[in-house]
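Values below: every heavy atom of this structure, side chains too, minus hydrogens, waters and symmetry copies. Predicted, not measured: the structure shown is a model, and the values here were computed from it.
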Amino acid sequence: MHAGLGHTAEALHALNETMRLAQQCGDPVVLLHALSVLCRLLAAIAPGAPGLPPHGPAALRSSLAHHVQLLRMLRRCRERGRELGQPHLTAFAQLAAARFAMLHDVEPSDSGLHAPPGSLTAAAAAAAVPPSAGAAPAEAPAGAGGEGELRAAPLMVSCAVRDTHALATAASLSAAAPAAPPPTAADGTPPPPQRAAAAASDLYSSPLLFDRSLPIGAAAAMADAVQQLAGAAHLLQSAAWALHGHNTLERAHTMMYLAAFSDPQVGCGTPARFEDRSTACAQLVAAVARRGPAAARAAAAACLGLLAASVCCDGTEDSSPSYSESSAGGGAATAVTAAAAEGSTKASGGWDGGCNALALWGGPALAAAWLCAVHDRALALGDSAAAAQLVGQLCALSDPQAHRDVEIRLEAARRGVLNLLAAGATEEAHRAATELFARCADAGLQAPALRCLMLLAEVHLAAGDPHGAFLHVLACLLPAQPGPGPAGGGVFAAAAAGAAADSSSLGAAVAGGGSGGGRGGRSHDLLAAEALVLLCRVWYELSDGQQLEEVLVLLQDALPLILAHGSVHLQARAQLVLAEMVMSEASSPADLTHCYSQLQRLLAGAAQAATAAEDFRMAAQAACMLAWLHHSQGSVSERDTAAALQETLLDRQAEAEAACASEGRTLHVLRA
C-alpha cells in the first residue's frame, strides 16, 4: 500500500519490520518474499527517492548505489528462489534483471558497478586508467559480442523468456503431479513423481522441478503465478524488439501475449493481470501509431474494446475496475471511436474523450501511448496550442510523486522540448534538452539519453550551428551502432572524436565509429538509422555539397531499415532528404536522367508516407518536387498528376487550418 502511494520511506520501514519478524521466526520463504517486494519497489522508483541512497553518475559506481543494491538483491532472489523451491520468485528475479539490463547502461559486479564500454559512464572510468605504452588491447568481456552478434541486453532478455517458459512448464507439471508416496519398492525403482521429474528434466534442462513438499493449493498458486510471468516475458521481449527497432517482431510478441495469455482461462485457470493487459495494449498502440494517426485510432479503439470486454467477462480481478453491465465495454469503445472520428478534423479537441476512456480502462501506460500518437499528429499539422495541451495531459498522467513513473515524465519532458523547438525557441529548447539529458544520465537510462543527444543536435541545427549539431549527433550515433570497437568508446568518447574532426575528415570519423562505437553497449538499430539521416543533413551543410557521394552512401545504407521498421514520418523525411540532395547538385535536367526512376520512387514514397502521417505540408513539398522532376524530363501527364496531388494536399491543409481557426487557434509551420 505504501509503495503504491509513493511513500517509499514508509514502505521500507514496513519491509524491515517484516524481515525482522521473519528472522525471529526462522521463516526463509517469508524473507524471500520480502526481498522480492523490495526488488519490485526499487525497480519501480527512480534513484534518490526518500529512504534510498543518493543518485548521480558518481553514485552509480558506489557499492551503496541504488542500482547496485537492486541488481545484487535480484541475483540473491533468483538463487534463493531455486534453493527454496519458489519458481515464481525465480522467474520474477530473472525477468527483472533482464529488464534492467535492457533499459540501463550499467552492469553489476561484486565491487560495485562498472559501465560497459559503449555506455554513458564508460569514458570516465577509461580515462581514470590510461593505457600503458605497448600494452595489448583488452579482450572483449564474455557475452559482449562481436560484429553481427547480439549485445548482452537482448541476449539476457531472450534467455529470460526461454527460462521463464521452462519454469512455467516445470511448475505446472509439479503442481499437477500427485503427492509423492513413501518409497516402498524393494527393487529400488523410483516412485512415479521422481520418474516424471526426471523426464521433465530431460526436456527442460535449465530449471529444476520443485519438490512436492508444499500443499497442493500452494503449488497450484505458484504455477499460476509463473504462468502470468511467462506472459509478461513476451511483453518484455516485445519491448526489447521495440528498443532495437524491429517493429514486426515487436508486434508479434505483443499479439502472442494477447492471443495466448490475456484470456483468464489460459494457464491453469489463472486470470491475466490487469497491468499486463494494459501494457500489451499500450505496446500495440505505440507500434501501430508509427504507421500514422489513422492506424493509431483503429488500434486504440480495438484495444479499448478488448480491455472492456475482459473486465466485464472477468470480475474476479482486484486490480482492475469492475462493471456490472456488459454493454459498458461496447459503449466505451464506441465513444472513443466517435471521439477519434471527430478529432480527424481537429488537432486535439476531439481526442480528449478517447484519452479519458483509455486512462479509465487501460491505465496511464495506454493513455500515454495514445497521447504520444496525438502529439505527433499535432506537430505534423502545426497546432502548437494543441501540442502544448497534450504535453500537459501527458505530465498529468504521471504520479504526483517525483520518483515514480519516470518513463512518462521523461517522455513528457522530451516532447516539451519538441514543442519549444517547433516554436523556434532554440535557447529554451537547448536548456530544457540539456537538463533532460542530465536526468537520463543520472538514472542510467541509455535509450532516452541517446534520444536527448539527437534532440540537442536538432536544436543546434535549427539554431544555425551545424558544428555543434555534428558533435551531438555523432555522440548519439556511435553508442547506438553494433560492432566491435575501442574499450574507451561511448557517448563522451564519441563527442571527443567529433570535436577533433572537421569537415574534411567527417568520412573517417563516421567510418571509424560506424563499426566501433557500440561494443558492449546496446544495439539501437532504428535509432542509429534515424541519427544517420540527421548526420547526413549536418554533414551536407558542413561540406557545402563537396562530399555528396559519401552522404548518399550513408543515406542508402540507412534507408532499408527505415522503410521496413521506421515511422511514416521518418520514412518521408529520409526519402525527401535523399531526393533533395541529389536534385540540388544537378546543374541541368539532363543530369537527372540517369536517376529519374529512382527519384520518382523516392518522392512518391515521401508524399505517400507524409500523407499517412497527416503532415500535409511535407507531402505537398514532395508532390511539388515530383511535378518539377516530371516536367524536367518531359513527362507531361505525370507532371499534371503530381500537380493535382499537390493541390489536394494543400486543400487538406487548408481544411485543417480552417477547423482550428473556428476554435480560435492558428496553425504554424512547426517542422521544416
Are the charged groups of Asp376 and Arg415 less than 4.0 angstrom apart, N to O?
-> yes
Looking at CD of Gln646 and CG of Leu649, how far apart are the two atoms once the value is rounded to the nearest 0.5 Å?
-> 8.0 Å
Indicate yes or no: does Glu407 engage Arg99 in a salt bridge with an N to O separation below 4.0 Å.
-> yes
Ala373 and Ala296 have their tightest heavy-atom pair at CB-CB, 4.0 Å
Between Asp465 and His460, is any side-chain donor less than 3.5 angstrom from a side-chain acceptor?
-> yes
Donor-acceptor contact below 3.5 Å, side chain Glu614 vs main chain Leu381 | no
Check whether any side-chain heavy atom of Leu554 lies under 4.5 Å from a side-chain heavy atom of Trp539, and answer yes or no.
-> yes
Starting from the C-alpha separation in whole Å, work towards a yes-or-no answer on salt bridge (charged side-chain N to carboxylate O under 4.0 Å, His left out) for Glu427 and Arg431.
-> CA-CA 6 Å; Glu427 185 177 354; Arg431 188 183 306 111; 3.6 Å; yes
Please determine if Glu541 and Arg537 form a salt bridge, counting it only when a charged side-chain N lies under 4.0 Å from a carboxylate O.
-> no
Are more than 12 heavy atoms from other residues, nucleotides or ligands located less than 6.0 Å from atom CZ of Arg414?
-> yes
Let me see the working for Leu535 and Val551 under side-chain contact (heavy atoms from CB on, under 4.5 Å), right down to the final yes or no.
-> CA-CA 9 Å; Leu535 178 65; Val551 174; over 6 Å; no
What distance do Cys624 atom SG and Leu645 atom CG have between them, rounded to the nearest 0.5 Å?
-> 11.0 Å
Minimal non-hydrogen separation, Leu394 against Ala412, with atom names | CD2-CA, 3.6 Å
Qualifying residue, where the test is side chain to side chain contact (heavy atoms under 4.5 Å, CB included) with Leu477 and the options are Leu532, Leu450, Leu527 = Leu532
Contact check, side chains of Leu603 and Met583, non-hydrogen atoms, under 4.5 Å = yes
Between atom CG of Leu421 and atom CD of Glu428, what is the distance when rounded to the nearest 0.5 Å?
-> 11.5 Å
Find out whether Gln621 and Phe616 are in side-chain contact, i.e. whether some heavy atom of one side chain is under 4.5 Å from a heavy atom of the other.
-> no
Closest approach of Gly382 to Arg617 (non-hydrogen atoms, all atoms of both residues) = CA-NH1, 4.1 Å
If you round to the nearest 0.5 Å, how far is CG of Leu552 from CG of Asp557?
-> 11.0 Å
Kindly say whether Ala604 contributes a backbone atom to a donor-acceptor pair with the side chain of Gln608 at under 3.5 angstrom?
-> no
Atom CZ in Arg377, atom CG in Leu390: separation rounded to 0.5 Å?
-> 10.5 Å
Within a strict 4.5 Å, meaning less than it, do heavy atoms of the Leu418 and Glu458 side chains meet?
-> no
Verify, without hydrogens or angle tests, whether His565 (side chain) and Asn247 (backbone) share a donor-acceptor contact under 3.5 angstrom.
-> yes
Step by step, would you call Trp241 with Gln283 a side-chain contact (heavy atoms from CB on, under 4.5 Å)?
-> CA-CA 11 Å; Trp241 286 122; Gln283 291 178 348; over 6 Å; no
Which atom names give the shortest non-hydrogen contact between Cys536 and Met581, and what distance separates them?
-> O-CE, 3.3 Å
For the residue pair Ile408 and Ser398, what are the closest heavy atoms and their distance?
-> CG2-CB, 4.2 Å
Minimum-distance pair of heavy atoms, taken over all atoms of Leu526 and Gly245 = CB-CA, 3.5 Å
Find out whether Leu578 and Leu599 are in side-chain contact, i.e. whether some heavy atom of one side chain is under 4.5 Å from a heavy atom of the other.
-> no
Might you work through the side-chain contact (heavy atoms from CB on, under 4.5 Å) test for Arg652 and Thr611, ending with a clear yes or no?
-> CA-CA 10 Å; Arg652 296 185 65 178; Thr611 304; 3.7 Å; yes
Is the shortest heavy-atom distance from the side chain of His375 to the side chain of Glu411 under 4.5 Å?
-> no
Check whether any side-chain heavy atom of Gln575 sits under 4.5 Å from a side-chain heavy atom of Gln571, and report yes or no.
-> yes
Is there side-chain contact between Ile562 and Glu530, with heavy atoms separated by less than 4.5 Å?
-> no
How long is the gap from SG on Cys452 to CG on Leu410, to the nearest 0.5 Å?
-> 7.5 Å
